[in-house]
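Read through the structure below, which is laid out as C-alpha cells, and then see the notes.
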Amino acid sequence: MAKAKLQAPKGVSEYVPPRSRAFEFVRDCLINPARKAGYQLIELPVFEDTELFTRGVGESTDVVSKEMYTFEDRGGRSITLRPEGTAGVMRAVIEHGLDRGQLPAKLWYSGAFFRAERPQAGRYRQFYQVGIEAIGLDDPAIDAEVIAIADAGFKAIGLSKYRLDITSLGDAQSRSAHRVDLVKFIATLDLDEATKARAELNPLRLFDDKRSEIAQAMQGAPLLMDYLSDASRAHFEKVKEYLDALGISWTLNPRMVRGLDYYTGTTFEFVHELLGAQSGIGGGGRYDGLMAELGGQELSGIGFGLGVDRALLAAEAESLIESDDFVSDLFIIPLGELAKRTSLEIAAQLRKLGKTVEIAFGDRALKGAMKAADKSGAKYVIVLGDSEITSGSVELKEMKSGITSSVTIDSLITALSK
RNA sequence: GUGGGCGUAGCUCAGCUGGUAGAGCACUCGGUUGUGGUCCGAGAUGUCGCGGGUUCGAGCCCCGUCGCUCACCCCA
C-alpha cells in the first residue's frame, strides 16, 4: 500500500464486525462470574503517574524496565499508560478510602492495557483484560473463590482445553530463605551476561527461561515450595483443598514464575493448549505487601487478570465461536418518503419495548433490501409502503420459513413477541 | 533488542524459464413492475507495499526501505 495510507499503530488488537461480536461475548463471559460473586465495577484511567508502576509492579520486572509507554505531559509530569490493572486499583482504593469500609473490598474492571513489546501471536501493544481484586482478607477460601471465578469465566465461553497451574510464593520469610540458596545455586551455573543480570534482579525468573540449556541447568535448583513457612504451607494446603472441593482441577507447578514483583503466597496461571507461544490466558495471585508499598494500610489482597484477546483466540482455536449469533427481531423496508418517516416511528416504539429493529434506508431496490434483511439475520421483515400506511396493516414475513401473515402495525409488538 | 517467513482487488489467494494482472468469495445492477436464500447474466474495484538497479521489456531478478507476521527475551 502507498506510504501515505493511515493505519493502526503497530501491534494493537482491533475488533471489527463480525469478530467484534465474539470479542463482546468472550468479555462478557469473563466479567459475569465476578458480578455474580458480589464484585463491583471500578473504572479507572488508562494512564497513571509513572511512579505508581515503578513502585507497585517493581523496577526489576521487564514490564517496568522496558515495556512501559511512558511520556511527559504538558506539566512535565511523567505519565505511563497502564501496563496492568492491580497497581491502579490499589491506588484508587487508598485514594478513595475503600479500604476503610467493609472488607474485603471486591472490585472488577475491564479495559485496555499497554505494553511496548514486540508483537506476536496473542501479544499486543494494546490488549484487553478483565480483572478482579479482593482486598483485605487473607482467608485461603477467597483464594479458591477468586480462582473459581476465573475458571467459571473460561468455562462460560466453553473453553476446555486449558489447565490451571498453581503454586505458592510464600511469605517474605519463606522467600528470603529460598533466595539465599537459589542465588548460591545460580552462581555455580555458566550463564551469559544478560541472563546473569536478570538473575541478579530476580533469580526466580530463571525458572521461566525457555532455552533448553537453561531449563536443564535449572533442573537441580532449589524450589521455593520446599522453603515455605508453616503458615504459608498451611494456607496453600487449604487453597488446594477448597479447589478440590469445587471440582476444579489444578496442577502444582513449583517452577511457575509471575512477571510482576508484587506477588506473594498463592499464585496461579491458566494455560491454554492450542495457543502459540503466548499461551497464558489468565493469571493472578496474592499480593500481601502491595497496599503498604503504595502508602496504604497493611492489607492483604488477591486478584487476577484475564486476557480477553487470548481467551478469544483460544475460543476460536477450540471452534467455539458461532459466526452469526446476532439477529434483529424486525427489519423494516420503507418504500418512499412517508414510509421512511413512519418506519422511524415504528422502530423507535418497538425498540422502547425491547425489540431490536433495523431499517433499510437509502431507497435501494426492494430485492437488494430483502437481501440485506437476509444477511442481517433478522427474524421478521415488513415492507412498508403507502398502501400499508393507509390501511394500517402489513405483511409480516418470517424469514426462516418464508411465511407471511397480515398484522396491523399497532399489533406488531405482540406478533414479534410470539 | 535478536532471528525466520511474507507483502498482488474489500477478503483468501493464483500468476510458468521475465512479455506491462487473474480466480473464488463479497459488493452493485438486471433476469423476476412491491418480497431474501438457488440459478443465470452484466458491472465496479489494483499506482502488484515503496524507492532504486539490471533489461528492449520487471508482479517475477538484484539492492535498499517500509509494513505485516511468527519465534526468542518476557508476558494477558
Side-chain angles (χ1 to χ4, degrees), chain A residues 1-5 7-13 16 18 30 57 60-67 82-86 110-131 150 192 194-195 197-198 201-202 205-206 208-212 214 257-260 269-272 275-284 304-314 331-336 339 360 362 364-378 380-388 394-404:
Chain A
M1 293 293 134
K3 56 184 153 183
K5 187 172 183 176
Q7 53 181 352
K10 190 186 185 73
V12 300
S13 63
V16 301
L30 296 178
V57 177
S60 80
T61 62
D62 276 30
V63 168
V64 168
S65 62
K66 58 181 205 193
E67 295 168 5
R82 61 183 184 185
E84 61 93 53
T86 305
S110 163
F113 296 85
F114 308 85
R115 289 183 200 171
E117 302 175 88
R118 200 71 173 258
Q120 71 186 75
R123 185 170 71 187
Y124 308 103
R125 291 184 169 181
Q126 173 171 336
F127 57 100
Y128 295 86
Q129 277 192 9
V130 167
D192 60 277
T195 311
R198 212 147 56 83
L201 286 169
N202 185 348
R205 292 269 148 67
L206 288 203
D208 210 25
D209 204 305
K210 281 185 192 160
R211 290 170 295 184
S212 62
I214 308 272
V257 181
R258 309 255 343 129
L260 311 178
E269 201 166 78
F270 290 87
V271 182
H272 198 268
L275 263 29
Q278 312 306 323
S279 56
I281 51 176
F304 63 59
L306 311 180
V308 182
D309 314 83
R310 288 188 189 175
L312 173 57
L313 254 18
F331 198 96
I332 304 176
I333 300 174
L335 300 176
R364 20 184 354 203
L366 182 59
K367 177 172 175 160
M370 281 303 292
K371 237 174 155 178
D374 187 39
K375 291 265 160 57
S376 82
Y380 292 96
V381 172
I382 60 170
V383 175
L384 196 69
D386 292 342
S387 60
E388 283 82 1
V394 293
E395 290 296 312
L396 182 65
K397 180 166 191 171
E398 199 210 348
M399 291 301 272
K400 211 170 161 193
S401 63
I403 297 167
T404 63

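Numbers restart at 1 for each chain; the letters A, B, ... are given by sequence-line order, proteins then strands.
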Touch check for A:Glu84, heavy atoms < 4.0 angstrom, all strands: base, sugar-phosphate only, or nothing?
nothing
Between A:Gln120 and B:A71, is there a contact of a side-chain N or O with OP1 or OP2 at under 4.0 Å?
yes
Hey, does A:Gly276 reach any base, or is it just sugar-phosphate, or nothing, if we go heavy atoms under 4.0 Å?
sugar-phosphate
If only side-chain N and O atoms of A:Lys371 are considered, is one of them under 4.0 Å from the OP1 or OP2 phosphate oxygen of B:U35?
no
If you go through the side-chain atoms of A:Arg310, does one of them form a donor-acceptor pair with the base of B:C75 closer than 3.5 Å?
yes
Look through every strand shown and name the nucleotide pairing with B:G43 as Watson-Crick or G-U wobble, where both distances are under 3.5 Å.
B:C27
Give A:Ala121 one of three labels, base, sugar-phosphate or nothing, depending on what nucleic acid heavy atoms sit under 4.0 Å from its own.
sugar-phosphate
Applying a 4.0 Å non-hydrogen cut-off, can you work out what A:Tyr124 is touching in the nucleic acid: base, sugar-phosphate, or nothing?
base
Given B:G3, is OP1 or OP2 found less than 4.0 Å from the side-chain N or O atoms of A:Arg118?
no
Sugar-phosphate, base or nothing in reach of A:Lys367, heavy atoms under 4.0 Å
base
Determine which nucleotide pairs with B:G7, using a 3.5 Å limit on both distances of a Watson-Crick or G-U wobble pair.
B:C66
Considering every strand and a 4.0 Å limit on heavy-atom distances, what is the contact class for A:Glu269: base, sugar-phosphate, or nothing?
nothing
Using OP1 and OP2 only, check whether a side-chain N or O of A:Arg123 sits under 4.0 Å from B:A76.
no
